[in-house]
Amino acid sequence: MNYIGMNEGVIDAKEAVVSVLDHGLLYGMGLFETFRTYEGVPFLLNRHLDRMKAGCQQLGIPFNMDHEKLLHWITRLMEKNNLKEAYIRYTVTAGEDILGLPAGDYTHPNHILYAKALPFLREQLYTHGKELQLLDLPRNTPEGSTRFKSLHYMNNILAKRELSTYPSAVNGAEGLMLTPQGVVAEGIVSNLFFVKNDVLCTPDLSTGILPGITREMVIALAVQTGLRVEEGHYSWEQLKEADEIFLTNSIQEIVPVTLLSEKEERYVVSGGRSGPVTKQLIVLYRERAGIPI
């Protein structure tokens with residue numbers, strides 16, 4: 001990553017800096033979106049922009065980026081970094097302000113764009129899945145009525161540090177956080193779904209999870225196929241009895257979970273392979289993204 005996007009420009013990464021008085025640094029006041037390209041085109045960009053815009057409005061951060069402007073900026077950055085496909089992170093910080101907690105709106109936000117090569121993902125990940133490790137660290141409560149994809153990421157980082165202490169981390173396991181009340185919430189970098197008796201279940205937003213863009217798309221695809229979708233409050237015990245489990249995020253798409261881990265105990269899910277509902281949704285999602293199946 002030799003070049004970074006900064007306030008609609010493209011500059012050398014060494015020159016990309018923000019002020020020590022930026023409230024993104026001082027107070028975590030800022031938001032970000034991560035997404036990927038298919039055939040060089042960012043997928044679901046409008047949905048990511050809508051979430052960013054709504055979050056900025058709640059935080060008092062002015063936001064005037066539109067789809068065409070952002071798309072052009074992403075294209076320039078990818079070309080400068082010689083990328084045909086990319087993992088994109090778009091960040092908006094509150095910008096420089098006085099030291100102290102402001103009551104009013106911000107006026108000079110910073111827009112930062114990162115682009116790097118997509119991680120290599122083996123196809124086996126989508127057929128044989130990955131392990132899901134239950135964590136002791138609870139999911140913290142959201143910053144507002146709904147969780148922001150904010151720069152305040154300490155809970156996730158501490159969860160990642162806990163995950164690294166388990167043997168499952170060596171094999172690329174994801175960590176699962178519960179709410180303080182013991183209700184299933186979400187992964188460190190993923191939303192969770194499971195299938196039981198032909199019903200697709202996912203934790204309700206009231207559990208404090210991030211309203212993921214891929215999560216939203218998967219729910220829509222499931223409804224289109226006639227699958228019953230339920231959002232609710234679920235326990236780890238219910239997850240152990242699931243017929244299928246999968247995780248979603250914008251980079252890895254839909255990833256089956258075929259093994260659950262809890263301390264010293266492990267539970268095989270759907271015979272250790274991707275289940276029929278998960279397979280169907282993977283195909284539909286990739287068709288929607290324009291990937292040849």
Side-chain angles (χ1 to χ4, degrees), residues 33-54 67 71 85-88 90 118-119 121-130 132 146-147 149 174 176 184-207 209-234 238-239 242-258 269-271 273-293:
E33 294 288 332
T34 54
F35 44 90
R36 58 167 293 178
T37 64
Y38 294 93
E39 302 296 326
V41 179
F43 187 48
L44 302 177
L45 184 58
N46 274 332
R47 297 189 185 211
H48 285 283
L49 264 177
D50 287 346
R51 183 169 66 178
M52 175 70 83
K53 181 178 181 180
H67 178 276
L71 182 59
E85 300 290 355
Y87 171 122
I88 308 290
Y90 174 40
L118 284 168
L121 301 171
R122 297 181 182 276
E123 190 56 33
Q124 185 178 4
L125 177 66
Y126 301 96
T127 57
H128 290 73
K130 68 162 53 182
L132 185 63
T146 303
R147 183 174 300 279
K149 198 170 179 68
E174 167 68 311
L176 176 69
V184 170
E186 60 188 343
I188 299 172
V189 292
S190 60
N191 286 128
L192 174 81
F193 288 83
F194 69 93
V195 180
K196 184 65 178 177
N197 297 329
D198 297 320
V199 178
L200 181 63
C201 305
T202 189
D204 190 79
L205 294 182
S206 63
T207 60
I209 63 172
L210 181 75
I213 301 299
T214 306
R215 174 185 182 274
E216 179 183 83
M217 174 57 69
V218 166
I219 290 173
L221 291 172
V223 170
Q224 288 173 20
T225 67
L227 189 63
R228 180 181 160 195
V229 179
E230 176 185 282
E231 298 179 66
H233 291 71
Y234 308 104
Q238 286 176 280
L239 207 57
D243 300 322
E244 301 177 44
I245 304 173
F246 62 85
L247 305 169
T248 63
N249 70 33
S250 294
I251 307 303
Q252 296 187 351
E253 306 164 340
I254 299 170
V255 176
V257 170
T258 50
V269 181
S270 63
R273 295 182 66 90
S274 179
V277 173
T278 306
K279 287 179 181 178
Q280 181 186 25
L281 289 170
I282 289 173
V283 169
L284 292 173
Y285 187 88
R286 292 182 174 179
E287 287 178 347
R288 178 69 174 78
I291 307 174
I293 305 299

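Atom CG of Leu281 is separated from atom CD1 of Ile219 by 11.0 Å, given to the nearest 0.5 angstrom. If you take NZ on Lys279 and CD1 on Ile254, they are separated by 14.0 Å, rounding to the nearest 0.5 Å. Rounding to the nearest 0.5 Å places OG1 of Thr37 at 13.0 Å from OH of Tyr87. Considering CD of Glu253 and CZ of Phe43, their distance stands at 8.5 Å, rounded to 0.5 Å. Going from atom CZ of Arg122 over to atom CG of Leu125 covers 10.5 Å, rounded to the nearest 0.5 Å. The CG atom of Asn197 sits 9.5 Å away from the CZ atom of Arg228 when rounded to the nearest 0.5 Å.
Tested against Glu33 for a salt bridge (charged side-chain N to carboxylate O under 4.0 Å, His left out), the candidates Arg51, Lys149, Lys53 yield a single pass: Arg51.
Residues Val218 and Arg215 have side chains not in contact (no heavy-atom distance under 4.5 Å, counting atoms from C-beta outward). Proximity of Thr146 to Pro211: side-chain heavy atoms (C-beta onward) are separated by under 4.5 Å at one or more points. Taking the side chain as every heavy atom from C-beta outward, Met217 and Ile213 never approach each other to under 4.5 Å. The side-chain heavy atoms of Leu132 and Leu239, taken from C-beta on, include a pair separated by under 4.5 Å. Residues Phe193 and Ile245 form no side-chain contact, since every pair of their non-hydrogen atoms from C-beta on lies 4.5 Å or further apart. Under the 4.5 Å side-chain criterion, counting only non-hydrogen atoms from C-beta, Val257 is not in contact with Phe194. Contact annotation: the side chain of Leu44 approaches that of Arg288 to within less than 4.5 Å [non-hydrogen atoms, C-beta and beyond]. Contact check for Leu284 versus Glu287: side-chain heavy atoms found under the 4.5 Å cut-off.
With sequence neighbours left out, the side-chain hydrogen bond (donor to acceptor under 3.5 Å, both in side chains) criterion links Gln252 to no other residue. For Glu174, the side-chain hydrogen bond (donor to acceptor under 3.5 Å, both in side chains) partners two or more places apart in sequence, or in a different chain, are Ser190. Scanning for side-chain hydrogen bond (donor to acceptor under 3.5 Å, both in side chains) contacts around Glu244 gives Thr278, with sequence neighbours left out.
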Checking side chain to side chain contact (heavy atoms under 4.5 Å, CB included) for the pair Thr127/Gln124: CA distance, chi angles, key distance, verdict?
CA-CA 5 Å; Thr127 57; Gln124 185 178 4; 4.2 Å; yes
Show, in sequence, the C-alpha distance, side-chain angles and deciding distance for Leu200 and Phe246, and conclude whether the side chain to side chain contact (heavy atoms under 4.5 Å, CB included) test is met.
CA-CA 10 Å; Leu200 181 63; Phe246 62 85; 3.7 Å; yes
Kindly determine whether Lys130 and Leu247 satisfy side chain to side chain contact (heavy atoms under 4.5 Å, CB included), including the steps that lead there.
CA-CA 9 Å; Lys130 68 162 53 182; Leu247 305 169; 4.1 Å; yes
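The shortest heavy-atom contact between Pro42 and Leu71 is CD-CD1, 3.5 Å. The minimum heavy-atom distance between Val255 and Tyr126, with the atom names listed, is CG2-CE2, 4.0 Å. Listed here is the closest heavy atom pair of Pro203 and Ala185: CG-O, 3.3 Å.
A side-chain donor-acceptor contact under 3.5 Å links Thr258 to the backbone of His128. Side-chain N or O atoms of Tyr234 include one that pairs as donor or acceptor with a backbone N or O of Gly232 at under 3.5 Å. In terms of modelled atom types and a separation under 3.5 Å, the side chain of Glu85 and the main chain of Glu39 share a donor-acceptor contact. Put simply, the side chain of Thr214 gets close to the backbone of Ser250: a donor and an acceptor are under 3.5 Å apart. Judged purely by atom type and a 3.5 angstrom limit, Asn191 uses its side chain to pair as donor or acceptor with the backbone of Leu210.
For Glu231 and Thr202, the side-chain atoms include no donor-acceptor pair closer than 3.5 Å.
Ring orientation note: the planes of His48 and Phe35 are tilted relative to one another, at an angle of 30° to 60°.
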